[in-house]
Structure formats: C-alpha cells, structure tokens
Amino acid sequence: MRIVADKRFYGAGVEDFEEARKFKDVMREVFEISVASNAGDFIPLLRWIDFHGLEKKLQKLQAKFDSFSEVLIEERRSIRQGSLGESGAKTYIDALLSLQESEPEHYTDNIIKGNILISDGLFCGLSTIPPSNLAQWPPLIHIATRRNRHFISDDRWAMSLLLNHPEALKRASAEIDEHIGHERLVEEADLPKLPYIQCIVHETLRLFPAAPLLVPHESSEDCTIGGFHVSRGTMVLVNAWAIHRDPQLWDEPLSFKPERFEKMENMGYRFIPFGTGRRQCPGSGLANRVVTSTLVSLIQCFEWERVGEEMVELLEGKGLSMPKNKPLEAMCKARQRMSDVLKEL
Ligand code: HEM
C-alpha cells in the first residue's frame, strides 16, 4: 500500500492503527470467503435464493472495500489540492487522479477503485473465490490479483516436487552452476540459458496449475463444446487441471517428468495454465520469469532436503488457486560457495 497510497498497514511504520485494522479485517474476510464453495454454481436454482447467503456476504464485502478505497482516494485528492499540507510521495492513486483531470470520462472514481484493487497484490486472495462469487466483482479483480499468491504457490509446488525427485534437483543445480556460477545471483537475462529449469516450471504448472479452472467464461452464443450443446449465457469452466492429467494427451500423466517439455514444440490446447486465445493471461511472461527466477535463486543459494525419509505430501488444499494441503516443510542450508553473495544481500 505504500506505492498505492503512501501508507503502511503491516509491520513497523503503521501510523493509523484503526485504518490498518479495517484493512486487515477486509483482507481476512476475503480469504475466508475465498474458500467457501457455492452450491449455486452447480444448481442454478439455488442462486435465486442465495443459498448460504454468499451473495449477500460478497455484496457487504464489496461495499466495505468501496468505502475503504473511497477514503483513500479522497485523502489523496485533498493532499493534491494542498488542503492536507505536504503532498508526500507521489502515489499510484495520485497518478490516476492526475489522469482523471485530463480524461475524466475514462478515469472515473470507480475505475480508480478497480485499479487500487488490482495493484500491489492488495486483494491477492480473491483469486480463490468460487466462480459465481467472482461474477459479483469487477472483472479485473480476480484476474490481476492472482499474481503474488500464484507465484508463491507455484514455487512451493515446484520445490515440493523437486524434493521428491532429488535427481531433478541435482540436474537443475548443475545447470545453474554451469551457466551462472557462484559469484552472483541469477538475473533475468540468464533465464533462457536454463532450459531444464524452465521445463521444471512447466511440469509444475502442468501438474498443479495455479488456476485449475482458469477463470469462468460465459458463452456469448449457443454453441457446441465437445459434443455438448451449450446455450447462450451459460457459465463455462475449463478444467485445466483435468486436461493436464488426461492420459490421452500425456504419457504417464501423473509422473513428474520435466524432460517431457524438452522436445515438445507445439503444446496446443493440452497445456493451458494461463488459458488460451484472446483472453489468455497477458501476465504469463512476467509470471514465468518471476516463478523461474525465484526457483533458481532458491536452488542456487541453498541446499535442500526432505525433513525425513517420507516423501513430501502432494495433496491439494481447498481454494481455487491450488494451495497445498499442508504447508511445505523442508530443510535447507545456505550453500557454502554462495556465502559471499549472500553476505552482500
Ligand atoms: C502464476 C501466475 C499467473 C497465473 C497462473 C495466471 C493465470 C491466468 C488465467 C488462467 C487467466 C484466465 C485466462 C482465461 O480467461 O482463460 C488469466 C487472465 C489474466 N491474467 Fe493472469 N495469471 C498469472 C499472473 C498474472 C500476472 C502477473 C498478471 C499481470 C501482471 C496477470 C494478468 C491477467 C489479466 C489482465 C488477465 C485477464 C485477461 C483477459 O481476460 O483478457 N496474470 N491469468
């Protein structure tokens, strides 16, 4: 929130504890609601009676966030107009308010609120909200807010898989040694030199796609999908998780085999962790780079081992963004040869 509104709501430096509490409350509610399943997704009749009151809860939460962001916008507006003294750092909201002055028809307060939501990982938990619940929110929310949670989740799955496959971890480590060495940390420009680690990231996203049902789509016309008639206006969910594990499309679909991606030229529609077509994720390049660089840094700087003989559990937990059932526990120690680099951090 420092970038968005020049405020801190966590850790040292919090100035307004009441405001920070409100923010944390909204965040907590978002996370709670995000794991609730909605029977109305499966039995449309139940949507009319708002079974379990999920829709009401979402509307309340949206109202809370609206009033919270309204205060932030008004505050920055006053600061910009000089009524609250020093303007402080220029924030994301300031930039949007300045655009509002030149293009008021495009940069309405509602648009600014939407932008606050998608920025700074503010509502990263929304990515796990069940499909019909998402429909209650402005479309951008569930999309761009995936980032932080997904990045963390992807790397956690990748590391879990590697701990269960030490030979793959060893090969990844050797690739890093060969192309980056121990004198410096990985940089973005190094990533194309690490094809095996890219394959590990792909294989992780195949087995545990961070958005297993992508995002809900709606058919704009009557159509036929896989031989089934789909009427106009039907919510369509694409089960990427099942497609990625389909034995007709993948050899040994449940095995972790990063090398399968080495020879694959055209992945077609069988590998779609970021969706496909016109609405596919525009952040996939960034996401891939962040997930891969994080994984490379973890492998480059630390030696990793399982806590015991037992394999790391690979069960999925509740929530649409593919969390692990149990947090990953592993042993790691800093690599001796990276100690100079680590000391510099
Ligand atoms: C590991 C991280 C990420 C995953 C797994 C992911 C996944 C997805 C998926 C599955 C979709 C829906 C595609 C469809 O409609 O079929 C999507 C859409 C989208 N994503 Fe991501 N995403 C990630 C990171 C990001 C990042 C970093 C950004 C922005 C910087 C981003 C921005 C968007 C946007 C704007 C859309 C909507 C595109 C549209 O509807 O036209 N995503 N993402």
Side-chain angles (χ1 to χ4, degrees), residues 1-10 14-36 38 40-41 47 50-81 83-84 87-149 215-216 218 319-321:
M1 286 305 283
R2 286 189 64 205
I3 297 171
V4 175
D6 194 22
K7 281 176 187 264
R8 273 186 195 274
F9 292 144
Y10 292 90
V14 176
E15 283 176 7
D16 185 338
F17 286 96
E18 181 51 23
E19 194 179 31
R21 188 193 55 75
K22 275 192 197 153
F23 176 78
K24 287 178 192 166
D25 277 356
V26 175
M27 289 301 285
R28 188 184 34 76
E29 273 184 59
V30 166
F31 279 97
E32 274 169 17
I33 219 161
S34 70
V35 290
N38 186 7
D41 284 343
R47 257 184 254 164
D50 188 18
F51 196 64
H52 284 148
L54 213 53
E55 199 169 318
K56 266 201 204 83
K57 280 188 206 157
L58 275 161
Q59 278 165 357
K60 257 172 94 179
L61 189 54
Q62 180 160 18
K64 265 192 202 172
F65 179 77
D66 258 19
S67 59
F68 184 82
S69 50
E70 262 158 35
V71 172
L72 292 181
I73 294 172
E74 276 319 312
E75 222 174 88
R76 291 312 304 178
R77 193 171 269 141
S78 307
I79 289 175
R80 280 170 58 76
Q81 287 161 0
S83 57
L84 287 183
S87 66
K90 193 162 161 70
T91 66
Y92 185 57
I93 299 181
D94 293 340
L96 292 166
L97 286 172
S98 113
L99 286 165
Q100 189 176 59
E101 281 159 21
S102 51
E103 297 172 60
E105 66 289 3
H106 291 128
Y107 291 91
T108 61
D109 276 11
N110 266 346
I111 292 289
I112 297 182
K113 281 187 218 164
N115 274 279
I116 297 175
L117 270 173
I118 62 167
S119 56
D120 214 27
L122 184 59
F123 265 49
C124 47
L126 279 180
S127 57
T128 57
I129 287 183
S132 64
N133 308 16
L134 285 169
Q136 313 291 321
W137 293 78
L140 273 177
I141 297 176
H142 60 279
I143 293 164
T145 50
R146 294 174 176 277
R147 8 176 238 175
N148 294 354
R149 275 200 122 194
V215 299
E218 192 177 290
L320 283 193
S321 70

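For the pair Ile93 and Ile73, the tightest heavy-atom approach, listed with the atom from each and the gap, is CG2-CA, 4.2 Å. Across all their heavy atoms, Ala5 and Thr91 have their closest contact at C-CG2, 3.6 Å. Taking both residues in full, the closest heavy atoms of Phe9 and Val14 are given as C-CG2, 3.7 Å, listed atom of the first, atom of the second, then distance.
The structure places CG of Asn115 at 4.0 Å from OH of Tyr92, a figure rounded to the nearest 0.5 Å. Between Leu99 atom CG and Ile111 atom CD1 the span is 12.0 Å, to the nearest 0.5 Å.
Put simply, the side chain of Lys113 reaches to within 4.5 Å of the side chain of Glu70, judged on heavy atoms. At least one side-chain heavy atom of Phe68 sits less than 4.5 Å from a side-chain heavy atom of Glu19. With a 4.5 Å cut-off on side-chain heavy atoms, Gln59 and Glu55 count as touching. The side-chain heavy atoms of Phe65 and Ile116, taken from C-beta on, include a pair separated by under 4.5 Å.
Counting non-hydrogen atoms of other residues, nucleotides and ligands closer than 6.0 Å to NZ of Lys24 gives a total above 12. Surrounding CD of Glu105 are more than 12 heavy atoms belonging to other residues, nucleotides or ligands, all under 6.0 Å away.
One side chain, Gln100 or Arg77, offers a donor N or O that lies under 3.5 Å from an acceptor on the other.
Under the rule for a side-chain contact (heavy atoms from CB on, under 4.5 Å), the partners of Ser98 that lie at least two apart in sequence or sit in another chain are Arg80.
Using modelled atom types, no side-chain atom of Asp6 and backbone atom of Lys90 make a donor-acceptor pair closer than 3.5 Å. Within the 3.5 Å criterion, the main-chain N or O of Ala20 finds no donor-acceptor partner in the side chain of Asp16.
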Evaluate salt bridge (charged side-chain N to carboxylate O under 4.0 Å, His left out) for Glu15 paired with Arg8, printing each intermediate quantity in order. CA-CA 7 Å; Glu15 283 176 7; Arg8 273 186 195 274; over 6 Å; no

Using side-chain contact (heavy atoms from CB on, under 4.5 Å), reason through Leu96 and Arg76 one step at a time and then give a plain yes or no. CA-CA 10 Å; Leu96 292 166; Arg76 291 312 304 178; over 6 Å; no

How far apart are the C-alpha atoms of Lys57 and Glu29, what are their side-chain angles, what is the distance that settles it, and do they pass the salt bridge (charged side-chain N to carboxylate O under 4.0 Å, His left out) test? CA-CA 9 Å; Lys57 280 188 206 157; Glu29 273 184 59; over 6 Å; no

